[in-house]
Amino acid sequence: MSFPLLTLTAAVPAVGAILTAAVPAARRTAAKWLALLFSLATLALAVLVAIRFEPGGDRYQLTESHSWIADFGVRYELGVDGIGVVLIGLTALLIPFVIAAGWHDADPLETQSTRWRPTQGFFALILLVEAMVIISFEATDVFLFYIFFEAMLIPMYFLIGGFGDRAHSGSDENAATQRSYAAVKFLLYNLAGGLIMLAAVIGLYVVAGNFSLQEITAARAAGTLDMATNTERWLFLGFFFAFAVKAPLWPLHTWLPNAMGEATAPVAVLITAIVDKVGTFAMLRFCLGLFPEASKWATPVILVLALISIVYGALVAVGQRDIKRLVAYASISHFGFIILGIFAMTSQGQSGATLYMVNHGISTAALMLVAGFLISRRGSRLIADYGGVQKVAPVLAGTFLIGGLATLSLPGLAPFVSEFLVLVGTFARYPVVGIIATIGIVLAALYTLVLYQRTMTGPVKEEVRTMPDLRLREVLVVAPLIALLIGLGVYPKVLTDIVNPAVKHTMSDVKQTDPAPEVEAAK
């Protein structure tokens with residue numbers, strides 16, 4: 001039996017979560033360092049997965065398969081393709097920064113006991129989410145995937161509801177109410193999607209006789225699995241609905257602004273940069289892989305919903321007064337681009353969508369974490385409470401600007417490559433859709449630059465006059481993310497070489513080829 005590298009990659013943060021939670025209450029600093037150590041060990045294993053993966057090799061590599069619930073055909077099956085490899089890498093990369101950025105977020109307030117905001121629990125929950133997200137990217141058994149797809153909601157619920165943002169404009173009681181509302185809304189929306197998906201998972205088993213993604217796709221390709229058209233469409237809708245809630249896609253998006261607004265900045269990054277990527281990843285792996293004909297049938301409607309997400313998210317972001325809610329609505333717009341790339345059914349679009357998942361994760365982490373540092377200094381999330389920050393904290397303002405420019409996909413920064421590929425792939429098959437999608441680019445420039453102008457430029461407000469610049473720990477959090485945004489913007493080939501072979505397999509699943517370019521013959 002080969003070395004279970006994929007199992008170990010998910011097991012290390014899970015073990016770290018248990019050990020961190022077990023640290024004595026008085027030793028909060030030890031719990032923080034232990035969590036950081038396990039996150040770095042997970043990152044090292046993710047790098048090893050990337051090294052061991054051969055882009056030109058089999059579709060699923062480093063596979064593991066063991067019988068689990070034999071009576072129902074459930075197996076413990078893991079395997080990664082190029083898309084899974086880069087998303088595991090993104091998850092393992094961001095978690096150490098999330099932990100370091102939230103170093104003091106769970107420290108008890110002077111008026112609270114250590115039991116009220118247990119530091120150990122905060123970091124243990126972050127590691128637990130990491131473990132569940134990683135195994136979701138690895139699972140090739142549909143039932144195994146479903147278990148962790150749903151299970152990650154529980155630690156996220158406690159992270160949102162139990163460790164909310166302290167920079168709240170209302171009273172402590174009102175803040176607790178808002179946190180509770182956001183956490184419950186997050187849980188109910190995602191549980192509703194999960195329950196519908198469970199019905200579809202059971203239906204898939206009835207039709208296919210097993211839960212193995214590889215066996216089902218092989219049987220469909222060989223023509224030995226006969227799935228009625230209406231059955232396939234209903235099963236597709238069950239899966240897609242759950243993934244669209246997680247993504248989130250309009251009109252199933254309304255939980256995200258509440259969750260990101262009430263969570264701490266590191267937890268907000270965990271939500272939108274890591275957890276939500278499971279939804280878009282699953283659209284590629286499960287919707288297109290298991291239900292190719294239904295995916296093509298639903299494409300026109302999904303493209304319309306993606307366009308609405310792009311334009312609506314950007315428009316609402318322009319009018320936001322809350323910094324974190326602005327980033328949340330911007331993310332809804334960006335997820336619209338990702339879903340647009342997936343269902344454009346072109347290799348450029350799907351490669352761009354996968355890169356967008358990675359680059360959006362990095363850029364949103366950079367912007368949101370710097371915004372979190374800014375908010376913690378002023379104690380307010382309202383844009384109107386800032387002004388002239390660049391004069392008193394130039395490093396903070398500079399990193400905030402780069403994160404914002406990455407969000408609007410400035411050429412030379414990583415998200416530009418992703419957005420460009422998505423639009424190229426969309427224009428190739430749906431030119432009108434591509435034209436409408438470009439409206440999101442214009443609006444992104446508007447909300448990003450207006451946000452920077454209102455918070456960082458102009459006269460220095462009295463409340464920010466003594467604001468300190470970024471400290472060493474905060475610089476160490478942000479600087480690597482900025483470096484990655486520049487590096488992947490200049491040289492994205494390091495990711496495209498891994499992703500492109502997996503995209504070819506996905507295109508083969510749906511039996512699609514790229515449209516031939518229309519070139520006018522020279523006269």
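Numbers here are sequence positions counted from 1. Source: prediction; values computed, not measured.
- Judged by distance alone, the side chain of Arg285 and the main-chain N or O of Thr140 form no donor-acceptor pair under 3.5 Å.
- For the pair Trp33 and Trp103, the minimum side-chain heavy-atom distance is below 4.5 Å.
- Using modelled atom types, one finds a donor on one side chain and an acceptor on the other under 3.5 Å when comparing Tyr189 with Thr254.
- Looking only at atom types and distance, the side chain of Tyr181 has no donor-acceptor partner in the side chain of Glu262 under 3.5 Å away.
- Side chain of Trp250 to backbone of Gly336: no donor-acceptor contact under 3.5 angstrom is found.
- Residue Arg52 places its CZ atom among 12 or fewer non-hydrogen atoms of other residues, nucleotides or ligands, all under 6.0 Å distant.
- Note: Phe286 and Phe145 have tilted aromatic rings, judged against thresholds of 30 and 60 degrees for the angle between ring planes.
- The closest side-chain donor-acceptor pair between Thr7 and Glu64 falls under 3.5 angstrom.
- Looking only at side-chain heavy atoms (C-beta outward), Ile95 and Ile274 come within less than 4.5 Å of each other.
- Using cut-offs of 30° and 60° for the angle between ring planes, the Phe337 and Tyr356 rings count as parallel.
- Gln120 places a side-chain N or O within 3.5 Å of a backbone atom of Pro24 that can act as its donor or acceptor partner.
- Two residues are said to be in side-chain contact when any heavy atoms from C-beta on lie closer than 4.5 Å; Leu396 and Val370 meet this criterion.
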**OP:** Given side chain to side chain contact (heavy atoms under 4.5 Å, CB included), test Leu305 with Ile339 step by step and report yes or no.
**Re:** CA-CA 9 Å; Leu305 296 178; Ile339 295 170; over 6 Å; no
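- Taking the centre of each ring, Phe243 and Phe149 come in below the 6.0 Å mark.
- Between Glu474 and Arg377 there is a salt bridge, with a side-chain nitrogen of the basic residue lying less than 4.0 Å from a carboxylate oxygen of the acidic one.
- Contact check for Met197 versus Phe241: no side-chain heavy atoms found under the 4.5 Å cut-off.
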**OP:** Just do the side chain to side chain contact (heavy atoms under 4.5 Å, CB included) check on Tyr312 and His253 with the steps written out, would you?
**Re:** CA-CA 11 Å; Tyr312 167 83; His253 67 284; 3.2 Å; yes
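- Among Val327, Val269, Leu326, the one residue that satisfies the side-chain contact (heavy atoms from CB on, under 4.5 Å) test with Met260 is Val327.
- In this structure, the side chain of Ser376 engages the main chain of Phe373 through a donor-acceptor pair within 3.5 Å.
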**OP:** I would like to know whether Leu40 and Leu36 meet side chain to side chain contact (heavy atoms under 4.5 Å, CB included); could you show each step before the answer?
**Re:** CA-CA 6 Å; Leu40 292 173; Leu36 182 60; 4.3 Å; yes
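- A side-chain donor-acceptor contact under 3.5 Å links Glu77 and Ser212.
- Using a 4.0 Å cut-off between charged nitrogen and carboxylate oxygen, Glu150 and Lys246 do not count as a salt-bridge pair.
- Residue Ile362 holds its CD1 atom at 10.5 Å from CD1 of Ile482, rounded to the nearest 0.5 Å.
- Taking the side chain as every heavy atom from C-beta outward, Thr272 and His360 approach each other to under 4.5 Å.
- Distance alone, capped at 3.5 Å, places no donor-acceptor pair between the Arg381 side chain and the Lys324 backbone.
- Counting heavy atoms from C-beta outward, Gln390 and Leu401 have side chains that stay 4.5 Å or more apart.
- In this structure, Phe158 places its CZ atom where only 12 or fewer heavy-atom neighbours from other residues, nucleotides or ligands lie under 6.0 Å away.
- Taking CG of Leu198 as the start and CZ of Phe239 as the end, the distance is 9.5 Å to the nearest 0.5 Å.
- Around the OH atom of Tyr452, the shell of radius 6.0 Å holds more than 12 heavy atoms that belong to other residues, nucleotides or ligands.
- Under a 3.5 Å cut-off, the side chain of Thr506 and the backbone N or O of Ala502 do form a donor-acceptor pair.
- Residues Val358 and Leu87 are in side-chain contact: their nearest non-hydrogen atoms beyond the backbone lie under 4.5 Å apart.
- Side-chain N or O atoms of His334 include one that pairs as donor or acceptor with a backbone N or O of Thr407 at under 3.5 Å.
- In this structure, Lys504 places its NZ atom where only 12 or fewer heavy-atom neighbours from other residues, nucleotides or ligands lie under 6.0 Å away.
- Remark: the backbone N or O of Ala17 is not paired with any side-chain donor or acceptor of Thr20 at under 3.5 angstrom.
- In terms of modelled atom types and a separation under 3.5 Å, the side chain of Thr42 and the main chain of Ala92 share no donor-acceptor contact.
- Note: Phe211 and Phe143 have tilted aromatic rings, judged against thresholds of 30 and 60 degrees for the angle between ring planes.
- Between the side chain of Tyr386 and the backbone N or O of Ser380, at least one donor-acceptor pair lies under 3.5 Å.
- Side-chain contact check for Asp276 versus Pro248: some heavy-atom pair is nearer than 4.5 Å.
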